[in-house]
Amino acid sequence: MDSTWGGISNENEISICISSERKTLKNIMLHGAFTVSMSDASFLEACDYLGNETGNEVPDKFEKTGLKATKSKYVNAPIIEESTLVIECELKEIVRGNHIHAIVGKMVNVAVDESVLNERGKIDAKKTGMLFFDSFSNSYFTLGDKVGNAWNEGREFMTLNR
């Protein structure tokens with residue numbers, strides 16, 4: 001499934017909103033785990049397809065994308081082999097809504113390709129080329145330029161790069 005509503009909600013948690021009708025939700029509930037694979041623009045067509053088709057009606061939709069999946073070593077869920085950044089999660093909580101459920105997962109591993117690491121061995125978000133969906137414009141974008149720094153431990157105000 002392609003998710004457009006989610007994010008890291010705590011230091012080691014991730015939250016994703018999923019329609020109550022999605023097969024992905026049923027699989028997460030069944031297996032108690034999920035993975036989040038970040039994609040770049042080279043996977044735009046596959047991501048768009050995954051987000052617009054439902055596994056309830058197209059049981060082999062993943063195979064139709066040409067992407068390859070392997071089982072995670074850490075959770076009972078697949079990893080997309082072509083992804084340079086995968087967050088592996090155990091299901092922690094489901095916050096049920098009328099039509100949308102918020103899935104909260106505990107991050108147990110982050111698998112990352114060395115090509116997206118900086119000189120200090122940390123993930124460089126810009127190198128990932130992460131693909132984002134903007135529901136306001138119904139368009140896809142990739143991660144842009146850094147525009148500032150968050151507060152540091154000394155609680156100084158953010159400084160903008162100008």
Side-chain angles (χ1 to χ4, degrees), residues 1-117 122-144:
M1 178 198 127
D2 185 32
S3 179
T4 57
W5 298 99
I8 295 175
S9 55
N10 206 339
E11 287 183 10
N12 66 346
E13 290 181 357
I14 190 166
S15 299
I16 298 175
C17 294
I18 302 177
S19 167
S20 59
E21 301 301 315
R22 286 284 187 173
K23 185 174 181 186
T24 299
L25 177 63
K26 295 171 189 160
N27 286 336
I28 292 171
M29 292 168 68
L30 178 67
H31 298 289
F34 61 96
T35 61
V36 177
S37 298
M38 303 300 177
S39 300
D40 63 29
S42 67
F43 299 105
L44 174 60
E45 189 174 324
C47 288
D48 194 54
Y49 177 78
L50 290 171
N52 286 293
E53 289 294 336
T54 173
N56 292 320
E57 296 175 14
V58 183
D60 61 345
K61 78 173 192 171
F62 187 82
E63 288 79 19
K64 290 182 178 186
T65 66
L67 298 173
K68 295 182 179 86
T70 57
K71 186 180 180 315
S72 164
K73 295 177 186 174
Y74 299 94
V75 298
N76 189 16
I79 289 179
I80 297 175
E81 291 180 17
E82 296 85 353
S83 183
T84 58
L85 177 62
V86 180
I87 302 170
E88 301 167 74
C89 305
E90 293 174 349
L91 178 61
K92 184 174 178 180
E93 180 181 6
I94 299 175
V95 180
R96 299 176 192 280
N98 290 333
H99 304 288
I100 303 290
H101 296 348
I103 305 300
V104 180
K106 176 185 175 191
M107 295 185 284
V108 297
N109 189 54
V110 177
V112 62
D113 187 273
E114 289 183 10
S115 67
V116 299
L117 298 178
K122 301 291 183 182
I123 295 170
D124 183 333
K126 192 166 184 178
K127 286 184 177 182
T128 67
M130 281 188 258
L131 191 62
F132 294 94
F133 180 75
D134 172 24
S135 58
F136 294 110
S137 66
N138 204 35
S139 304
Y140 291 93
F141 295 90
T142 56
L143 186 63

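Computed from heavy atoms alone, side chains included, the values below leave out hydrogens, waters and symmetry copies.
- Taking 4.5 Å as the limit, some side-chain heavy atom of Val58 sits within range of a side-chain heavy atom of Tyr49.
- Using a 4.5 Å cut-off on side-chain heavy atoms (C-beta onward), Ile18 and Ile100 make no contact.
- Phe133 places a side-chain heavy atom less than 4.5 Å from the side chain of Asn138.
- At a threshold of 4.5 Å between non-hydrogen side-chain atoms, the residues Val110 and Ile123 count as touching.
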Inset, instruction - Could you give me the CA-CA distance, side-chain angles and deciding distance for Val86 and Ile80, then say whether side chain to side chain contact (heavy atoms under 4.5 Å, CB included) is met? - result: CA-CA 8 Å; Val86 180; Ile80 297 175; 5.7 Å; no
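- Between the side chain of Asn10 and the main chain of Asn12, no donor-acceptor pair closer than 3.5 Å is present.
- Sorted by first then second residue, the side-chain hydrogen bond (donor to acceptor under 3.5 Å, both in side chains) pairs that include residues 81-99, not counting sequence neighbours, are Glu13-Lys92, Ser72-Glu88, Glu88-Asn109.
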Distance-only check: which donor-acceptor pairs under 3.5 Å involve side-chain atoms of residues 36-47, not counting sequence neighbours?
{"from": "Asp40", "atom 1": "OD1", "to": "Ser42", "atom 2": "N", "distance (Å)": "2.9"}
{"from": "Asp40", "atom 1": "OD1", "to": "Ser42", "atom 2": "OG", "distance (Å)": "2.4"}

Inset, instruction - Verify side chain to side chain contact (heavy atoms under 4.5 Å, CB included) between Ile28 and Ile94, making sure each step is shown before the conclusion. - result: CA-CA 10 Å; Ile28 292 171; Ile94 299 175; 5.7 Å; no
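- Annotation: the span from Leu30 atom CG to Asn76 atom CG amounts to 8.5 Å, rounded to 0.5 Å.
- Counted within 6.0 Å of NZ on Lys68, heavy atoms from surrounding residues, nucleotides or ligands total 12 or fewer; the atom is thus considered open.
- Counting heavy-atom neighbours within 6.0 Å of Lys127 NZ, excluding the residue itself, gives a total above 12.
- One distance of note links NZ of Lys73 with CD1 of Ile79; it measures 8.5 Å at 0.5 Å rounding.
- Checking side-chain atoms of Thr24 against main-chain N and O of Arg22 turns up no donor-acceptor pair under 3.5 Å.
- Thr128 contributes no side-chain N or O that, together with a main-chain N or O of Val116, makes up a donor-acceptor pair within less than 3.5 Å.
- In this structure a side-chain-to-backbone donor-acceptor pair under 3.5 Å is present from Asn56 to Glu21.
- For the pair Phe34/Ile14, a side-chain contact is recorded, criterion being any heavy-atom separation below 4.5 Å from C-beta on.
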